[in-house]
**Q** 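Below is one structure. I have some questions about it.
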Amino acid sequence: MMKTRITIIAILIGVFVLPGCNKFLDMTPTDKLSDKTVWKSKESVELYVNGFYPYISIYSPFGDGESQVGLTEGLTETLKYGSMTPGTNVGFANIVAYADGGISAPTASFHLGMWDNLYTRIRRVNEFLYGLEKYGTSLDEATKTRFRAEARFFRGFLYFQLIKRSGDVILYDEDLLSISKTKALSTEAEGWAMVEADLNFAAKNLPKTWIASNFGRVTKGAAFAMQSRAMLYAKKWQVAKDAADSVINLGIYDLPKTTTAAQYRNLFTSYSTGNKESVLEFNYAVSGPSHGFDKLFTPGGDYAGVGGRAVPTQEMVESYELATGGRPDWTPWHTTTGTTVTPPYSQLEIRFHASILYNGATWKGRQIESFVGGKDGWISFKDDPNPEGRTTTSYYMKKLVDENHTDLAAKPSTQTWVAIRMAEVYLNRAEAAFMLNDPATANADVRKVRDRVGLPYQDKGGAELMTAIRNERKVELAYEGHLYWDMRRWRLAHINYNGPGSRVHGLKIIKEGAILTYSYVDCDKQDRHFPEKMYRIPLPESELMNNTAVQQYPEWR
Amino acid sequence: MEKVHLIFRNLRTMGAFMLTLFVFALCSYDAYAQTSVRGKITDAKGEPVTGAAVVVKNTKKYSLSDLKGEYRVEAVKGDILEVSFLGMETQELKYMGQAVLDVVMKDNVSALDEIVVVGYGAQQRASLTGSISQIKGSELLKTPSTNISSILGGRVAGLASVQESGQPGADYAGLRIRGSRAGVNYIVDGMPRSINDINPNDIESVSVLKDASSAAVYGLQSAGGVIIITTKKGKSEESKISYKTSVGASVNANFPKFLDGPSYAYWYNKANELDGRGIVFTEEQVALMLNNDPTDGWGNTDWAKETYGVGMTQQHSITANGGTDKIKYFASLGYMDQLGNIKNFTYKRYNLRSNIEAKIAKSLTLTLGVAGTVGDTRSAGYGAGGSSAAGVSSAPWLSVSEQVAYAHPYLPMEIDGIPVASRNAYGNPINPVAAANLSGKNKTISTSLQSNIALRWDIPWVKGLNVKFTGAYDHTFTYAKNFSTPYDLMFETVPNSTTTNISFTKRTDARNQTDRTLGEGFTQWGRMVTQTSAGYTNVFGKHSIDALVLMETRDYKSNKFAAYGKGFYFEELPELGMARIPADDPISGSSDANRSVGIVGRVKYDYDNRYLAELAARYDGSYKFAGNIPGKRWGLFPSLSAGWRISNEDFFKNAVTFVDNLKIRGSVGVVGSDPVSPYAFLSTMSFIGSPSPQVIFGGQQQNALMTTAVANPYLTWERMISYNFGFDATMWKGLLGVEFDVFYSYTWDILGSQGAMPGSMGGYYTTYVNNNSVDGRGFDLMLNHENRIGDFFYGAKLNLSWATNRYLKYQDSPNTPDYAKWTGKSTSAKAGLVAIGLFQSEEEIDNSPYISGARPRPGDIKYKDLNGDGVISYAQDRAIIGRSNMPQLTAGLDLYANWRGFDMSALFVAGALNDVSLTGTYYNYVDDNTIYTKLFKAGANAPIYLVENAWRPDNTVGTFPRLSVEPPNTNNAYASSFWFRDGKYVRLKSAQIGYTLPARWINKFNCSNLRIYVEGTNLFTLSGLPEGIDPERPGVTNGYYPQQRTFMGGLTISF
């Protein structure tokens, strides 16, 4: 009797309760969407592809993707970080530049490799492309092509970042199934072929311009311009030149004329405000996305204790020409005993005045005081571990710093990042043309860039022409993230950034009454070190430890 | 053994004699005459019991036995005499009118009859087969505390506790059972609930379920053991009301001493000189520090003293209980008020609890429990400091406690009435006193209501069968209002070798806000739990059976909503409606939900009180695992245990007479846990940010989506099988009690990350997998001794436990060298470089490997090049070398005694076999230098031990790295054996002395009991750590609210 009842109860539980329980446990998340929902409409796919655009900002001076040190110019003769305290935008740049006791593979890959982050982003793009084919069946073909083009622009952009660092890398496309724990390296040439193909596809399928509400999305011009940059690294000169030609021939970009420093500074504003220089840009807003560039680089006097993390060097200042062309003689200021003669700042070209703040320069309605004990202040590098906004060279960054940003305490920075400017496209073409033995085009392009800022130019040939192109890139594209990587691809870094002669300098200004005394100071206090193996950033520890199909590059073993 | 027994007996007799003499000298007696009863009170051995109380129930008449054990009391036929004496069982005798009523009292060896709360039920201690420890509420109250978790440490073998913060409202202890990786599953009155809000006075008992067979009925999430708290219930007796109050003060238990102004100047100068620079502070400036004139910009401030004062705590509790056979009740009201020893950090708690049990029909019992708590936490705009574990402030690097360590001692408190600010590591202005007083007001008021109702029907037609339904609904409503007010500081310009003068500029505080901001939000959650069960208990001759079938569902939902505004004209009107501007992110909201279902079955069998066996199983489903793939969502967790009461065997009884009770027991059981984020089995996408604008197109901000972690539909339960073997014994009539357990556990399919994968995979692998395996082993030992010598009663309980674990399988990368492999190492071991002392010379450095890019100097730490590549790198030369923070060996010793109304107790706790790292271990397990390991870190003040023991050319035997202010070299910051210290310690955790006033004094006031007491916590600590470093300190050491030493006085009164 009892047994029967128990059996009946057990059966009832089995039949009704358990399936009910399973259903009771089927829940849906409250903070996420099913991925299949997202592929149903063009609008939600747009939200998905939007996630790739911040990469433009991340790999910029305003972002943190380019290197752990901060601005890579900190590894060149043009910019000096004021601290030795380890940290991004603090002392990492100096620690890497000195490479005391030699530089080890983990150190080099940590500071400059950015391998893991890049692959994560590449994977996200590939995942998007995979999902688009698999689940995006309700989208029409034209829409799908547009999304493919946007995504492949970013894949090309990301692989460019990866290959310029490491050369031989692992290549993954949208075939997610090929992602594996053991995957071998491809050759550098295979890598560049992939970058070229992705950017070709993007250039072919992206629109020349978007409707106003989509302004800011990548365009045909951006894809060609990116290709002209990447193909210089790939040494595919013809492709680089053709890509630059294509940008110029679109006819929607230009080199706006500038006659004052203020006009020159307008070249770093949005295309939507009439700046035809801008081919690819990323915009910011206080409530996001925003960045923190001003707080890091504004003169120390703007906001006690912050700013001035890195400052222009005397070497950079001396790269600028007189407004009338040619360089002033700086030897009177190369004195450690001091001179009271004012340096010829006022006679320098507009790009200097648009880019560098010096003692006495006007800034935010005041004058820069970079003398010892001044409002902005000066410190002796290394002697004071905490620069706190003071300069080691007597200069401060002006380029890319927002003069209208006064509420540094409360507000983030919002100035536009112009990722590719027409000046670069012309200089890319100049270099490609030079390599293709076409000095006429090269000279014309250099002239065009100098002409815009009112500097004279005389046609050159051979090594002299190449030097002129290099100088122009250094000055025109200063602090835009090019010089360090250019010097690496030109194989000049192990000469210029190594051993004797590699130290950077600044001026120490002492003010007594109205008298200013300038003396030349060594801002490094030790030689820099760039072993040739640094031309290839080694594979990171995480790859070597876990991927048994790769081995460290021979020079780093 | 018989000899030992005799010695004890002799001691007892002698002691009784001595005490009796003493008592005789002290006591006087009221003379009673006429209708009285008299008699002699003796113990089991026929010896007189002196000082036993004989109370005529429901009257005020009573007597105390004299030194011959004799008493005399007025009584009427039919009266009930209650005879009680501490350490002995209370007896009730009916007075039938006889002239002499002798009483034989039994020693209180009641441990065996004690009812122990187990999962979904209760059992006699004697018949337990698993490993369960129970502590009575009254025992817990001997340690003064505001919350239950911090009282439990040291009282139970196998239960380790670490209390990281002393902040009011956050001074909980983290508990771990048997060194388990998994957290403890807390059950309050049968339901999953948090334990920290409970009024400790409401607690009847705490059961700690340590082995898997005991915990298996909780299947889900019981891998880390279970703690069951049972609150007090009414008794069928006359109503009794008690009031308990205590008030006390608290100060920091441990805090390192920092340099004062002149000594900072001295050592900072010296460090600069050793670095080859000029001095910074001149003699004149040192003189200015000491001249008591703040206007010159110099001062001598002890920031720790200015910040940490004396805290105050008061507690009040009223409880009432009583009842009849039909209805029994318990009700209590509690109030607790903690003023922290940092100004503006307070916590108040109001508790209400009522438990009612009613027999509503012949076989129907209804129980109703209701508990309400209001917790009111206040703090300044800046947090007090602490680790994420203590759930404290979001920005520990700006906490008041960190500001104490960074503040420069050579500054005055204020200039022109404005607080003076030092510079912290990020160049921000800080002043701990101003941070506590001016930074704003945060309050969190949490109101929670817990209710459970149970209906039990004893089915009349089947003897022993009952069905029961229990439903519980808990609802918590938390209201938070955070008003943050910027304030001005006079920010110092740090003197340095270039500019030696001090100067000040006015600046807003480190948060860099221009506006006052206000955030106001509500969080509410509710949890419905149902338990439907059938139970069957019966005895057939020598066989007794106890069976249970139960189904449990849990359904949890929560919502959050918050709004923000900024720009308030008046600090006095912090209301959102008064905000001038909406905040950048004005509104936020979210919700959450989770569920689980479990089915439990258990059969217990007992043959003749000799052979015990129990079989139990739980079938559990978790919403975290996919329901559409068979075998993933549901898990079966069975257990089996058995016991043999050898002492009930005739052969044993005859052979071993001094053993009163001996039981051996063994168990094996499987439990599971699901510690993964929900929906890891689904492919989903979420907004980047929360969501926040990621990109701007056409001037319009747009959000962006991205895929969340790669889904793993095959995720399933992490399982642990555990074996326990132990014995319980009591000997010499309770003079010695022993409980001993050894255990071994094996956990497999551990839910966790994949471990390191090549970067090139770009994270395209499932985040969670069932992966590693771990085993653990150890023992628990509890010894207790209780004795009575005349009217002196004393006892000692010692518990000792050892637990350790190791990875049997860990996802070490394929190319990991052996010394860095986790496989075979303890799960909570520390990784770090192997330090081999300090470099003594440049030549030594030339000939040694060091970290590339960071050439050290003499006095810096020298490391071992484990992989032999000639360079030190953290990635490759790191080994698993340090032990866990949690001691492997823990001990507690509880000493207690009573004598003629006086009582005392003291609890010592100790830990050993652990390592404390002096470098800070941050929430992401990265170690870094802190102010406790890096001299003048970013210009901060430094603890004296670090300065005075620093390596110097004239002090090459220094035990800390070189005296220097050079930019911090990463060399010394790495986690390394240099900074690991043996963490063993002994602490007098609490002590209490009380006096219960004699009944004859207080009976006049209708009062049945009045006890006054004084008590203290954290009274002293012995450890090998540098002065002021607390062995229970949290991992993050940039600043935390120090543990408190408290002194309290209180009284308990019952009517």
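Chain identifiers are assigned alphabetically (A, B, ...) following the order of the sequence lines, protein sequences preceding nucleic acid strands; residue numbering begins at 1 within each chain.
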**Q** For chain B, which candidate among Ser542(A), Ala105(A), Gly389(A) shows the most heavy-atom pairs at distances under 4.5 Å?
**A**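 Counting heavy-atom pairs under 4.5 Å, the top option is Ser542(A).
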**Q** Quick one, Thr548(A) and Asn815(B) - any side-chain contact, counting heavy atoms below 4.5 Å?
**A**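 Thr548(A) reaches Asn815(B) side chain to side chain.
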**Q** Heavy-atom cut-off 4.5 Å, strictly under: side chain, backbone, both or neither for Leu408(A) against chain B?
**A** neither
**Q** Given the options Ser760(B), Ala534(B), Gly763(B), Pro429(B), which has more heavy-atom pairs under 4.5 Å with chain A than any of the others?
**A** Ser760(B)
**Q** Find the distance between CE (Met545(A)) and CD (Gln876(B)) and round it off to the nearest 0.5 Å.
**A**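 Met545(A) atom CE to Gln876(B) atom CD measures 7.0 Å (nearest 0.5 Å).
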**Q** Would you mind checking which part of Tyr303(A) comes under 4.5 Å of any heavy atom in chain B, side chain (CB onward), backbone (N, CA, C, O), both or neither?
**A**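 Just the side chain, heavy atoms under 4.5 Å.
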**Q** What residue, out of Gly216(A), Ser57(A), Gly288(A), has the most heavy-atom pairs lying under 4.5 Å from chain B?
**A** Gly288(A)
**Q** Can you tell me how far apart CG (Leu47(A)) and CD (Gln694(B)) are? Round to the nearest 0.5 Å.
**A**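 Leu47(A) atom CG to Gln694(B) atom CD measures 11.0 Å (nearest 0.5 Å).
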**Q** Give, as side chain, backbone, both or neither, the part of Ser272(A) having an atom under 4.5 angstrom from any heavy atom of chain B.
**A** neither
**Q** Quick check on the interface: out of Tyr679(B), Tyr623(B), Phe625(B), Tyr765(B), who has the most heavy-atom pairs with chain A under 4.5 Å?
**A**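 Top option by heavy-atom pairs under 4.5 Å: Tyr679(B).
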**Q** Return the CG to CE distance between Leu33(A) and Met685(B), rounded to the nearest 0.5 Å.
**A**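 That separation rounds to 8.5 Å.
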**Q** Distance check, rounded to the nearest 0.5 Å: Ile851(B) atom CD1 versus Ile95(A) atom CD1?
**A**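 Rounded to the nearest 0.5 Å, the CD1-CD1 separation comes out at 11.0 Å.
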**Q** Where do Tyr53(A) and Ile696(B) land on the side-chain contact (heavy atoms from CB on, under 4.5 Å) test, with the steps shown first?
**A** CA-CA 9 Å; Tyr53(A) 279 85; Ile696(B) 296 172; over 6 Å; no
**Q** Is Ser591(B) close to chain A through its backbone or its side chain, or both, or neither, when contacts mean heavy atoms under 4.5 Å?
**A**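 For Ser591(B), backbone and side chain are both near chain A.
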**Q** Please report the closest heavy-atom contact between Ser287(A) and Pro693(B), naming both atoms and the distance.
**A** O-CG, 3.6 Å
**Q** Heavy-atom cut-off 4.5 Å, strictly under: side chain, backbone, both or neither for Phe52(A) against chain B?
**A**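 No part of it gets close to chain B.
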**Q** Aromatic ring centroids of Tyr764(B) and Tyr172(A) under 6.0 Å?
**A**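 No.
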**Q** Is it the side chain or the backbone of Thr508(B) that comes within 4.5 Å of chain A heavy atoms, both, or neither?
**A**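 It is neither, since no heavy atom gets under 4.5 Å.
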**Q** First locate atom NZ of Lys624(B), then atom CG of Leu25(A), and finally report the distance between them rounded to the nearest 0.5 Å.
**A** 12.5 Å
**Q** To the nearest 0.5 Å, tell me how far Leu682(B) CG sits from Met27(A) CE.
**A**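 With rounding to 0.5 Å, CG (Leu682(B)) is 12.0 Å from CE (Met27(A)).
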**Q** Looking at chain B, which one of Ile56(A), Ile170(A), Leu176(A) has the largest number of heavy-atom pairs inside 4.5 Å, strictly under?
**A**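 It is Leu176(A).
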**Q** Taking atom NZ of Lys632(B) as the centre, report whether more than 12 heavy atoms of other residues, nucleotides or ligands fall under 6.0 Å from it.
**A**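 More than 12 within 6.0 Å, yes.
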**Q** Return yes when atom CD of Gln526(A) has more than 12 non-hydrogen atoms of other residues, nucleotides or ligands closer than 6.0 Å, and no otherwise.
**A**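 Above 12, so yes.
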**Q** Tell me, with the steps shown, if Thr707(B) and Arg123(A) meet side-chain contact (heavy atoms from CB on, under 4.5 Å).
**A** CA-CA 11 Å; Thr707(B) 53; Arg123(A) 180 270 284 192; 3.8 Å; yes
**Q** Determine, stepwise, if the pair Trp210(A) / Phe697(B) fulfils side-chain contact (heavy atoms from CB on, under 4.5 Å).
**A** CA-CA 10 Å; Trp210(A) 291 87; Phe697(B) 294 131; over 6 Å; no
**Q** Please rank Pro106(A), Ala285(A), Ser290(A), Ser44(A) by heavy-atom pairs under 4.5 Å with chain B and give me the top one.
**A**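 Option with the greatest count: Ala285(A).
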**Q** What part of Pro29(A) lies closer than 4.5 angstrom to a heavy atom of chain B: side chain, backbone, both or neither?
**A**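 Answer is both: backbone and side chain atoms of Pro29(A) are under 4.5 Å from chain B.
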**Q** Tell me, for Val38(A) versus chain B, whether the close heavy atoms (under 4.5 Å) come from the side chain, the backbone, both or neither.
**A**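 Just its side chain gets close to chain B.
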**Q** Closer than 4.0 angstrom, basic N to acidic O: yes or no for Asp26(A) and Arg633(B)?
**A**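 Yes, Asp26(A) and Arg633(B) are salt-bridged.
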**Q** Among Lys183(A), Glu541(A), Glu388(A), Lys411(A), which residue forms the greatest number of heavy-atom pairs with chain B at distances under 4.5 Å?
**A**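 Looking at each of Lys183(A), Glu541(A), Glu388(A), Lys411(A) in turn, Glu388(A) comes out on top.
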**Q** Please identify, among Thr28(A), Val550(A), Asp407(A), Leu162(A), the residue contributing the most non-hydrogen atom pairs under 4.5 Å to chain B.
**A** Thr28(A)
**Q** Please flag which part of Arg217(A) lies under 4.5 Å from any non-hydrogen atom of chain B: side chain, backbone, both or neither.
**A** both
**Q** Taking the side chain as C-beta and beyond, is there a heavy-atom pair between Pro758(B) and Glu543(A) under 4.5 Å?
**A**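 Yes; the side chains approach each other to less than 4.5 Å.
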**Q** Checking Asp275(B) against chain A: side chain, backbone, both or neither under 4.5 Å from a heavy atom?
**A** neither
**Q** Which atoms of Pro814(B) come close to chain A, meaning under 4.5 Å heavy atom to heavy atom: side chain ones, backbone ones, both, or neither?
**A** both
